[in-house]
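In this text the structure is predicted, and so the values were computed from the model without any measurement.
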Amino acid sequence: QVQLVESGGGLVQAGGSLRLSCAASGRTFSSYIMAWFRQAPGKEREFVAGISWNGGRTAYADSVKGRFTISRDNTKNVVFLQMNSLNPEDTAVYYCAVNARGVINYRATGYDYWGQGTQVTVSS
């Protein structure tokens, strides 16, 4: 069993930045694929970014490339999402997710554990 707790969401003006954190329980955190998804009202949950177990591979949705950066600290069991140049279209609940399958999956169904989510609101 893995428990995930996100933090760092909030209200920010367009052009601003936020840094999300996801703290994970479990002794095998370093072997997991970690990812961030988001879900806006009335929309499906969508992939934002993913990172391999050692941080050597990352993947991003086209909509956030060049603005968001995913990273992880396996010594502290934490994954981060640095979000810069935010715009109102980034407003959503952001979720941290884990899979133990070794592949960064762009589909939500490819993940086994989820956090409760953290709200990010970007005002224009």
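- In this structure Asp112 satisfies the salt bridge (Lys or Arg N to Asp or Glu O under 4.0 Å) test together with Arg101, sequence neighbours excluded.
- Following chains of ILVMFWY side-chain contacts shorter than 4.5 Å, one cannot reach Tyr95 starting from Phe68, and the two form parts of different hydrophobic clusters.
- Transitive grouping of hydrophobic side chains (ILVMFWY, heavy atoms separated by less than 4.5 Å) brings Tyr32 and Leu20 into a common cluster.
- In this structure, Arg72 forms no cation-pi arrangement with Trp53, as its terminal cationic atom is not both closer than 6.0 Å to the ring centre and no more than 45° off the ring axis.
- The side chain to side chain contact (heavy atoms under 4.5 Å, CB included) test with Phe37 is passed by exactly one of Tyr106, Trp114, Tyr94: Trp114.
- Listed for the Asn99 side chain is a donor-acceptor partner under 3.5 Å among the backbone atoms of Val103.
- Remark: side-chain polar atoms of Ser25 are paired, donor with acceptor, to backbone N or O of Gln3 under 3.5 angstrom.
- Smallest separation of non-hydrogen atoms from Ser124 and Ala14: CA-CB, 4.3 Å.
- In this model, no donor atom of one side chain and acceptor atom of the other lie less than 3.5 Å apart for Ser85 and Asn87.
- No side-chain heavy atom of Val5 sits less than 4.5 Å from a side-chain heavy atom of Cys22.
- Within the 4.5 Å cutoff, the side chain of Trp36 has no heavy atoms near those of the Phe47 side chain.
- Considering only heavy atoms from C-beta on, Ile33 stays 4.5 Å or farther from Asn105 through its side chain.
- The main-chain N or O of Glu46 is never found under 3.5 Å from a side-chain atom of Gln39 such that the two would form a donor-acceptor pair.
- Looking only at side-chain heavy atoms (C-beta outward), Met83 and Asp90 stay at 4.5 Å or farther from each other.
- Not one N or O on the side chain of Tyr60 forms a donor-acceptor pair closer than 3.5 Å with the backbone of Gly66.
- For the pair Ser71/Met34, no side-chain contact is recorded, criterion being any heavy-atom separation below 4.5 Å from C-beta on.
- Between Arg57 and Ile104, some side-chain heavy-atom pair lies under the 4.5 Å cut-off.
- Side chain of Thr118 to main chain of Gly9: a donor-acceptor pair is present (N/O by atom type, distance under 3.5 Å, no hydrogens or angles).
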